[in-house]
Student: 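I'd like to ask some things about the structure below.
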Amino acid sequence: MSATDGGQVDWIHGAVYGAVGGALIEALVFNGRVLAWQAARRRARDAKRRKLPPLRAYVDPPADLAAAVSRLLLGALAGKRPPRPMNRLHLLV
């Protein structure tokens, strides 16, 4: 069955959608770190400091990569089995 005929999404599509969701979350987290770095650089410039904070103080590539992979895997596992479709009988239980 497919989602277009009213059935459930097959497990491959569910896993892919879940992994995409995990990747989106990781992209948002990474963006937050880059924005924090940008704000710290602006504060340092405004304070006329000679040394600006480096990006590596806000981004740790090995740890961030491990977190990204785990979010992808967890998202894929979560999306692997979509919830049952709702019906009237389901609401009574």
Side-chain angles (χ1 to χ4, degrees):
M1 282 191 156
S2 70
T4 57
D5 64 4
Q8 291 184 343
V9 175
D10 60 27
W11 71 270
I12 292 174
H13 286 101
V16 169
Y17 294 147
V20 168
L24 178 61
I25 295 299
E26 188 59 32
L28 291 172
V29 169
F30 180 78
N31 183 55
R33 291 179 182 149
V34 171
L35 291 176
W37 169 66
Q38 179 187 38
R41 287 180 61 90
R42 286 185 176 161
R43 284 191 304 273
R45 283 182 195 251
D46 290 345
K48 307 236 188 293
R49 293 188 204 136
R50 292 179 133 192
K51 190 171 182 177
L52 300 176
L55 180 59
R56 69 180 173 272
Y58 291 84
V59 177
D60 182 7
D64 293 342
L65 180 61
V69 169
S70 71
R71 287 180 201 263
L72 286 169
L73 292 174
L74 288 173
L77 288 173
K80 184 177 174 183
R81 186 166 180 230
R84 294 183 302 171
M86 296 287 284
N87 60 32
R88 289 186 199 141
L89 185 60
H90 183 263
L91 293 174
L92 297 174
V93 176

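As the structure is a computational prediction, the values presented were derived from the model and not from experiment.
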Student: Have a look at L52 and tell me which of R43, R42, R45 forms a side-chain contact (heavy atoms from CB on, under 4.5 Å) with it.
Tutor: R45
Student: What is the minimum heavy-atom distance between A68 and E26, and which atoms define it?
Tutor: CB-CG, 3.5 Å
Student: Is there a chain of hydrophobic side chains (I, L, V, M, F, W, Y, each step under 4.5 Å between heavy atoms) that links V34 to Y58?
Tutor: yes
Student: Nearest 0.5 Å, please: how far is CZ in R33 from CG in D60?
Tutor: 8.5 Å
Student: Would you compute the distance between atom CG of L35 and atom CG of L28 and round it to the nearest 0.5 angstrom?
Tutor: 10.5 Å
Student: Could you walk me through whether V16 and H13 satisfy the side-chain contact (heavy atoms from CB on, under 4.5 Å) test, starting with their C-alpha distance in whole Å, then the side-chain angles of each, then the deciding distance to 0.1 Å, before giving a yes or no?
Tutor: CA-CA 5 Å; V16 169; H13 286 101; 5.6 Å; no
Student: Does atom CZ of F30 have more than 12 heavy-atom neighbours, drawn from other residues, nucleotides or ligands, at distances under 6.0 Å?
Tutor: no
Student: Step by step, work out the side-chain contact (heavy atoms from CB on, under 4.5 Å) result for V69 and L73.
Tutor: CA-CA 6 Å; V69 169; L73 292 174; 4.0 Å; yes
Student: What distance do L55 atom CG and Q38 atom CD have between them, rounded to the nearest 0.5 Å?
Tutor: 11.5 Å
Student: Would you say the side-chain atoms of W37 pair up with the backbone N or O of A57, donor to acceptor, closer than 3.5 Å?
Tutor: no
